[in-house]
Amino acid sequence: MRKITITLGLLVATSILAWVYLATKFEQIAKNEILPKLTNSEYISVNPESVVIEKFKFKMTLKDVTIFPKSNVLKTFSDQAVACYNPFSDKIVMRLGDKIVQSSGKIESYTKAKDQKIEFNRTLLSNKFEDIHIVISSGEAEAYFASDNSLISRL
């Protein structure tokens, strides 16, 4: 009975140490790899002070995200984006807010989508395009004109 207790104790201690190590590694990845790319990117704009990193949940929340901020053709705004990191598969899953606004300068529309997520390899952040794996999925989505909230399309 004593051997089982010691074995279980060692297993729990090893699991806790591994969790703390992986969480600390995620925090370093978020601060040293992901945040610098987001704050110095021409494709995405994020206020670095609004970023919340929850290291033990392997989660980073970005507020007021703009995709293609310099574009006059298509800017996309989201109230938030949540990125979760899986240290075992080295993948990042990003979920955008429930209401995503697209603007082309003259026409503004917004999309309401449930369970919208983008999954990709972390190596994509390092511009290593040898092994790209991106999955974009969404539940039911509806597009509306922002001017009068009229329905454009339902997917």
Side-chain angles (χ1 to χ4, degrees), residues 15-16 18-155:
S15 298
I16 290 171
W19 188 265
V20 169
Y21 171 77
L22 291 172
T24 304
K25 187 171 175 146
F26 164 71
E27 185 177 39
Q28 291 172 346
I29 290 169
K31 287 181 178 177
N32 300 330
E33 287 183 35
I34 298 173
L35 279 178
K37 295 236 187 250
L38 293 177
T39 55
N40 296 322
S41 174
E42 60 187 65
Y43 304 112
I44 190 166
S45 171
V46 174
N47 180 0
E49 280 119 35
S50 71
V51 176
V52 177
I53 298 172
E54 299 174 63
K55 81 178 196 179
F56 291 108
K57 291 183 177 182
F58 300 95
K59 181 173 146 181
M60 183 169 72
T61 304
L62 314 166
K63 301 283 184 188
D64 299 323
V65 178
T66 305
I67 302 171
F68 305 122
K70 296 178 183 175
S71 172
N72 293 328
V73 179
L74 182 64
K75 283 186 188 179
T76 303
F77 306 95
S78 180
D79 58 340
Q80 76 172 4
V82 178
C84 298
Y85 175 65
N86 183 337
F88 301 109
S89 65
D90 204 28
K91 293 192 185 283
I92 296 173
V93 175
M94 186 167 236
R95 297 181 192 280
L96 298 175
D98 292 334
K99 186 175 179 181
I100 302 161
V101 179
Q102 298 89 16
S103 174
S104 65
K106 295 180 181 178
I107 298 174
E108 190 172 286
S109 64
Y110 64 91
T111 306
K112 289 184 178 180
K114 296 177 180 148
D115 297 327
Q116 184 174 13
K117 69 180 181 178
I118 304 166
E119 181 179 316
F120 55 92
N121 313 40
R122 184 173 63 95
T123 56
L124 189 63
L125 296 173
S126 305
N127 294 331
K128 295 179 183 174
F129 301 113
E130 298 89 32
D131 185 29
I132 295 175
H133 185 246
I134 300 173
V135 177
I136 301 172
S137 62
S138 176
E140 184 178 312
E142 298 171 337
Y144 297 90
F145 284 113
S147 60
D148 61 355
N149 293 324
S150 62
L151 181 67
I152 299 170
S153 177
R154 180 173 287 132
L155 304 170

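Because the structure is predicted, anything quoted here is derived from the model rather than measured.
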(message) For Phe56 versus Ala23, what's the shortest heavy-atom pair and its separation?
(response) CD2-CB, 3.6 Å
(request) State the OG-NZ distance between Ser137 and Lys117, to the nearest 0.5 angstrom. (result) 5.0 Å
(request) State the OG-CD1 distance between Ser78 and Ile67, to the nearest 0.5 angstrom. (result) 7.0 Å
(request) Sort out for me which residue in Val93, Ile92, Asn86 forms a side chain to side chain contact (heavy atoms under 4.5 Å, CB included) with Glu119. (result) Val93
(message) Minimum heavy-atom separation for Pro69 and Ile44, please, with both atom names.
(response) CD-N, 3.9 Å
(message) Do Gln102 and Thr111 pair up side chain to side chain, a donor and an acceptor below 3.5 Å, judged on atom types alone?
(response) yes
(request) Might you point out which heavy atoms bring Pro36 and Ala30 nearest each other, and give the distance in Å? (result) CD-O, 4.4 Å
(message) Just verifying a value: how many Å separate Met60 CE and Leu35 CG, rounded to the nearest 0.5 Å?
(response) 5.0 Å
(request) May I ask you to test the Thr76-Ile100 pair for a side-chain heavy-atom distance under 4.5 Å? (result) yes
(message) With salt bridge (charged side-chain N to carboxylate O under 4.0 Å, His left out) as the rule and sequence neighbours excluded, what pairs involving residues 132-155 come up?
(response) Glu142-Arg154
(request) First locate atom CG of Asp64, then atom CG of Asp79, and finally report the distance between them rounded to the nearest 0.5 Å. (result) 7.5 Å
(message) With a 4.5 Å cut-off on side-chain heavy atoms, are Lys63 and Asn47 touching?
(response) no
(request) With rounding to the nearest 0.5 Å, note down the distance linking CZ in Arg95 to CD in Gln80. (result) 11.5 Å
(message) To check you understand the geometry: which heavy-atom pair defines the closest contact between Ile134 and Phe120, and what is its length?
(response) CG1-CB, 4.0 Å
(message) Looking at every heavy atom in both Lys55 and Thr24, which two are closest together, and how far apart are they?
(response) NZ-OG1, 3.7 Å
(message) Quick check: closest heavy atoms across Phe26 and Ile53, and the distance to 0.1 Å?
(response) CE2-CG2, 4.0 Å
(message) How long is the straight-line distance from OG of Ser109 back to CG of Leu151, given to the nearest 0.5 Å?
(response) 11.5 Å
(message) Using a 6.0 Å cut-off, check whether atom NZ of Lys91 has over 12 heavy atoms from anything other than its own residue.
(response) yes
(message) The criterion is ring pair (Phe, Tyr, Trp, His ring centres under 6.0 Å); which residues satisfy it with Phe77, sequence neighbours excluded?
(response) none
(request) Answer yes if the ring centres of Phe58 and Trp19 are under 6.0 angstrom apart, and no otherwise. (result) yes
